[in-house]
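Below is one structure, written out as structure tokens, with a few remarks after it.
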Amino acid sequence: MWQIMLIVAILFLIIEIFMPAMFFLNLAIAAFITSIIALFTTNMELLIVSFVLLSLGALFSLRPFLLRKKDDKSLQTGIKDKYIGKIVKVIKPTDKFSGAITIYDERWEARKTGEDNEVIPIGAEVRIVRNESLVMYVEKI
């Protein structure tokens, strides 16, 4: 019986790879632990109850943690807000729709914040106020 539960765990892992919903991983963990329990018992009722309880336990404990990590933008971009507040130079005229800045000799896309339509010229110093993905939003200082 433990072989069947191990195969089920692997199938749930494969489904999670192709449908990343953070749901099937919980079932895979429960099936894997149930396969370990199946090494010591052949009681089908005990195995079903343990799989259901482990599934629910993993769903209510692991899923919120994984979803919180999934929504963290700093983990997706690797930026971690370390550039926010930095003073940098403009290398391409920057307005609300286009522009570029340099941070530690790296080129970054930039957009100007604010309501006015003033273009920030090349060579001007700006402060980074926020980022969205790989675009830095700057204000003139």
Side-chain angles (χ1 to χ4, degrees), residues 1-120 122-141:
M1 187 63 188
W2 69 270
Q3 298 98 335
I4 294 171
M5 291 307 296
L6 190 60
I7 291 170
V8 168
I10 292 170
L11 288 175
F12 280 136
L13 280 175
I14 292 171
I15 291 171
E16 178 65 35
I17 289 171
F18 291 109
M19 297 178 58
M22 302 286 184
F23 176 75
F24 294 102
L25 180 63
N26 301 311
L27 298 177
I29 291 170
F32 179 72
I33 295 172
T34 304
S35 70
I36 293 173
I37 295 170
L39 287 171
F40 303 106
T41 184
T42 57
N43 185 349
M44 187 62 88
E45 291 83 20
L46 176 67
L47 294 176
I48 291 172
V49 168
S50 66
F51 176 74
V52 169
L53 291 177
L54 287 168
S55 296
L56 290 174
L59 183 67
F60 290 120
S61 63
L62 187 62
R63 190 164 195 265
F65 174 74
L66 291 175
L67 287 178
R68 183 174 49 244
K69 291 296 184 185
K70 177 184 159 212
D71 293 335
D72 188 1
K73 297 286 186 198
S74 67
L75 294 177
Q76 293 175 6
T77 61
I79 292 174
K80 298 183 185 176
D81 296 334
K82 69 180 180 180
Y83 296 129
I84 306 301
K86 296 281 186 191
I87 308 294
V88 296
K89 294 234 183 227
V90 174
I91 59 172
K92 179 181 171 187
T94 303
D95 59 17
K96 291 184 193 180
F97 307 106
S98 67
I101 57 173
T102 180
I103 306 170
Y104 306 120
D105 295 327
E106 295 176 349
R107 182 186 189 278
W108 290 80
E109 289 295 315
R111 305 291 182 269
K112 181 179 176 294
T113 59
E115 295 300 320
D116 61 346
N117 292 329
E118 180 185 358
V119 176
I120 302 173
I122 295 174
E125 290 189 335
V126 293
R127 176 179 289 115
I128 300 172
V129 292
R130 66 184 170 97
N131 72 296
E132 287 182 11
S133 185
L134 298 176
V135 176
M136 300 293 180
Y137 287 84
V138 298
E139 65 182 5
K140 191 171 183 178
I141 54 171

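What's counted below: heavy atoms across the whole structure, side chains too, no hydrogens, waters or symmetry copies.
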Is it the case that the side chain of [X] and the backbone of [Y] share a donor-acceptor pair, with hydrogens and angles ignored and the cut-off at 3.5 Å?
{"X": "R127", "Y": "K86", "result": "no"}
{"X": "K96", "Y": "E115", "result": "yes"}
{"X": "S133", "Y": "N131", "result": "no"}

Supply the atom-to-atom distance [X] [atom1] to [Y] [atom2], rounded to the nearest 0.5 angstrom.
{"X": "I7", "Y": "S35", "atom1": "CD1", "atom2": "OG", "value": "10.5 Å"}
{"X": "N43", "Y": "S50", "atom1": "CG", "atom2": "OG", "value": "9.5 Å"}
{"X": "I122", "Y": "K89", "atom1": "CD1", "atom2": "NZ", "value": "12.5 Å"}
{"X": "I103", "Y": "D105", "atom1": "CD1", "atom2": "CG", "value": "11.0 Å"}
{"X": "W108", "Y": "T102", "atom1": "CH2", "atom2": "OG1", "value": "11.0 Å"}
{"X": "L25", "Y": "L59", "atom1": "CG", "atom2": "CG", "value": "11.0 Å"}

Between [X] and [Y], which heavy-atom pair has the shortest distance, and what is it?
{"X": "S55", "Y": "L27", "answer": "OG-CD2, 3.5 Å"}
{"X": "R107", "Y": "A100", "answer": "NH2-CB, 3.5 Å"}
{"X": "A38", "Y": "M1", "answer": "CB-C, 4.3 Å"}
{"X": "L47", "Y": "T34", "answer": "O-CG2, 3.6 Å"}
{"X": "E106", "Y": "Y83", "answer": "OE1-OH, 4.0 Å"}

Look at atom OH of Y137 and say whether more than 12 heavy atoms of other residues, nucleotides or ligands are closer to it than 6.0 Å. yes
For E125, all residues meeting side chain to side chain donor-acceptor pair (under 3.5 Å), sequence neighbours excluded: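 Residues passing side chain to side chain donor-acceptor pair (under 3.5 Å) with E125: none at all.
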Evaluation steps, side-chain contact (heavy atoms from CB on, under 4.5 Å), between L6 and F32: CA-CA 6 Å; L6 190 60; F32 179 72; 3.8 Å; yes
Side chain to side chain contact (heavy atoms under 4.5 Å, CB included) with V126: which of I87, I101, T94?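 With V126 as partner, side chain to side chain contact (heavy atoms under 4.5 Å, CB included) holds for just one option, I101.
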Pairing residues for K140 by the salt bridge (charged side-chain N to carboxylate O under 4.0 Å, His left out) criterion, not counting sequence neighbours: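 With neighbours one apart ignored, the set is E118.
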Begin from the C-alpha positions of V88 and M136 and carry the test side-chain contact (heavy atoms from CB on, under 4.5 Å) through to its verdict. CA-CA 11 Å; V88 296; M136 300 293 180; over 6 Å; no
Flag the pair I120 / P93 as yes when at least one side-chain heavy-atom distance between them is below 4.5 Å, and no otherwise.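 No, side chains not in contact.
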Could you tell me how the ring of F24 sits relative to the ring of F12: parallel (under 30°), tilted (30 to 60°) or perpendicular (over 60°)?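 Parallel: the ring planes of F24 and F12 meet at under 30°.
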